[in-house]
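If you read the sequence from its start, that first residue is 1, and numbering goes on from there.
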Amino acid sequence: MKDNNAAVKPSSNREVEMTSIAFETMMWYKGMESKRYMINQGGTYAGKTMSILYGIYFLLTVHEEPIKVRVVGMTSGHLRDGAVSDFLKILRCAGNVRYTYNSTYQLFKFFKTGKESDDNCSTIQFTSLDKPSKALGGKFDLVFLNEANTMIYETVKEVDSRSERGIIMDFNPTRPFWLHTEGYLAADFDTGQTYIKRKDVAFYQWNYLQNLSNISASKAQQIQSWKETDEARYHVYGLGYLGKVEGLVHPKVTLIDESECP
């Protein structure tokens, strides 16, 4: 698990800047860690989605061979207002990049040097699970599940089967979900600490401290104030630790796989 909480001063610069998450995304894809799943758990304003897309953008533009990427969200509205908007901001900050954008299909094509053709371009397409035929059709080199905790595991397995290299996921750690019940991760619900259960998983925990260059000083101060006013909120939304299961009569429980039951 990567949990680098170096404290630096927030920047007033509102341009998109390289973050640890973006760098780790590129390194993971290039195979420095031979893991099929890159799981990103993080609190509010950790910049997970933006940074993952930034890393994917660099892969699309510098990777020697053309690659196909799919970004999957729960709804088209969620993607439009979130991941697609973030990606367009990245492109505006990037400057002179050769690409086309089909807003109907939410498809971006990035062309290598030479003649512009479908055989000579990398692509990233944003599709939602409210249109299953689009979300599940076709095969891709890489899939990014945006807010994986909102998705049904059976659907995720179908998406997984259509990804050649693997899957990147991000989520806010408000409570356990299928990553924990299906044996990818384990958690200590007293401390919020997360542990890897599978050898093909690369796990990263992020928080706002690693994204200070991309958020305002006032926002960073607001999050920091939770440490004094709402310690539980700061633990989950500030530092990015896993929250406890809500509504339990006995909160000290451990989730296990069904196969582990006697």
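- Side chain of Lys35 to main chain of Lys199: a donor-acceptor pair is present (N/O by atom type, distance under 3.5 Å, no hydrogens or angles).
- The number of heavy atoms from other shown groups lying within 6.0 Å of OH (Tyr237) does not exceed 12.
- Residue-environment remark: CG (Leu88) exceeds the threshold of 12 foreign heavy atoms within 6.0 Å.
- Identified under the salt bridge (Lys or Arg N to Asp or Glu O under 4.0 Å) test for residues 200-209, with sequence neighbours left out: Arg198-Asp200.
- Side-chain N/O atoms of Asp141 and Tyr29 include no donor and acceptor closer than 3.5 Å.
- Sparse packing is recorded around OH of Tyr45, with 12 or fewer heavy atoms of other residues, nucleotides or ligands lying under 6.0 Å away.
- Side-chain contact check for Leu145 versus Tyr37: every heavy-atom pair is 4.5 Å or farther apart.
- Considering Asn172, Asn211, Asn207, Asn40 as possible partners of Lys48, the one that fulfils the side chain to side chain donor-acceptor pair (under 3.5 Å) test is Asn172.
- In terms of the side-chain hydrogen bond (donor to acceptor under 3.5 Å, both in side chains) criterion, Thr229 has no residue partners (sequence neighbours excluded).
- Side-chain contact of Thr194 with Gln205: a donor-acceptor pair under 3.5 Å is absent, judged by distance alone.
- No hydrogens or angles considered: nothing links the side chains of Gln224 and Lys227 as a donor-acceptor pair under 3.5 Å.
- Looking only at side-chain heavy atoms (C-beta outward), Phe108 and Val69 stay at 4.5 Å or farther from each other.
- Annotation: salt bridge (charged side-chain N to carboxylate O under 4.0 Å, His left out) contacts of Glu164 (sequence neighbours excluded): none.
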Yes or no on side chain to side chain contact (heavy atoms under 4.5 Å, CB included) for Trp28 and Leu142, after CA distance, side-chain angles and deciding distance?
CA-CA 11 Å; Trp28 169 83; Leu142 171 64; 3.4 Å; yes
